[in-house]
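A quick write-up on the structure given underneath.
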Amino acid sequence: MKNEAYSHWSKSSVYLLALRNKEISFCLTTFYKYAKLLGYCKSRHIQPKIKYSSLTSYKPNEIWCADVTILKTADKKNITFIS
């Protein structure tokens with residue numbers, strides 16, 4: 001974990017590399033526990049959630065919505081629905 005070549009790797013990737021090289025033989029949760037005890041915890045990069053706001057109209061004709069649907073029939077004719 002102190003090696004600069006692996007400083008940008010996630011802890012799970014370092015764990016899997018050590019497991020593949022047969023340097024360790026314990027589960028991932030144990031690895032996380034030891035990494036935390038030894039002080040190898042980085043802060044997580046969590047994206048803030050985008051708050052949902054419903055569409056609100058305060059006066060008539062402020063917001064319009066349209067839908068165009070085109071269906072192709074078996075005889076290759078297009079039928080257009082506009083709502």
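If you read the sequence from its start, that first residue is 1, and numbering goes on from there.
- Judged by distance alone, with hydrogens and angles left aside, the side-chain atoms of N3 form a donor-acceptor pair with the main-chain N or O of A5 at under 3.5 Å.
- A distance of 7.5 Å separates CG of N78 from OG1 of T73, quoted to the nearest 0.5 Å.
- Residue Y34 places its OH atom among 12 or fewer non-hydrogen atoms of other residues, nucleotides or ligands, all under 6.0 Å distant.
- Of all heavy-atom pairs spanning S25 and L19, the tightest one is CA-CD1, 4.5 Å.
- Atoms CD and NZ, on Q47 and K49 in that order, are 12.5 Å from each other to the nearest 0.5 Å.
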#### Entry: side-chain contact (heavy atoms from CB on, under 4.5 Å) between S10 and Y15, worked out
CA-CA 9 Å; S10 66; Y15 166 77; over 6 Å; no
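- Closest non-hydrogen pair, K11 versus Y32, comes out as CB-CE2, 3.7 Å.
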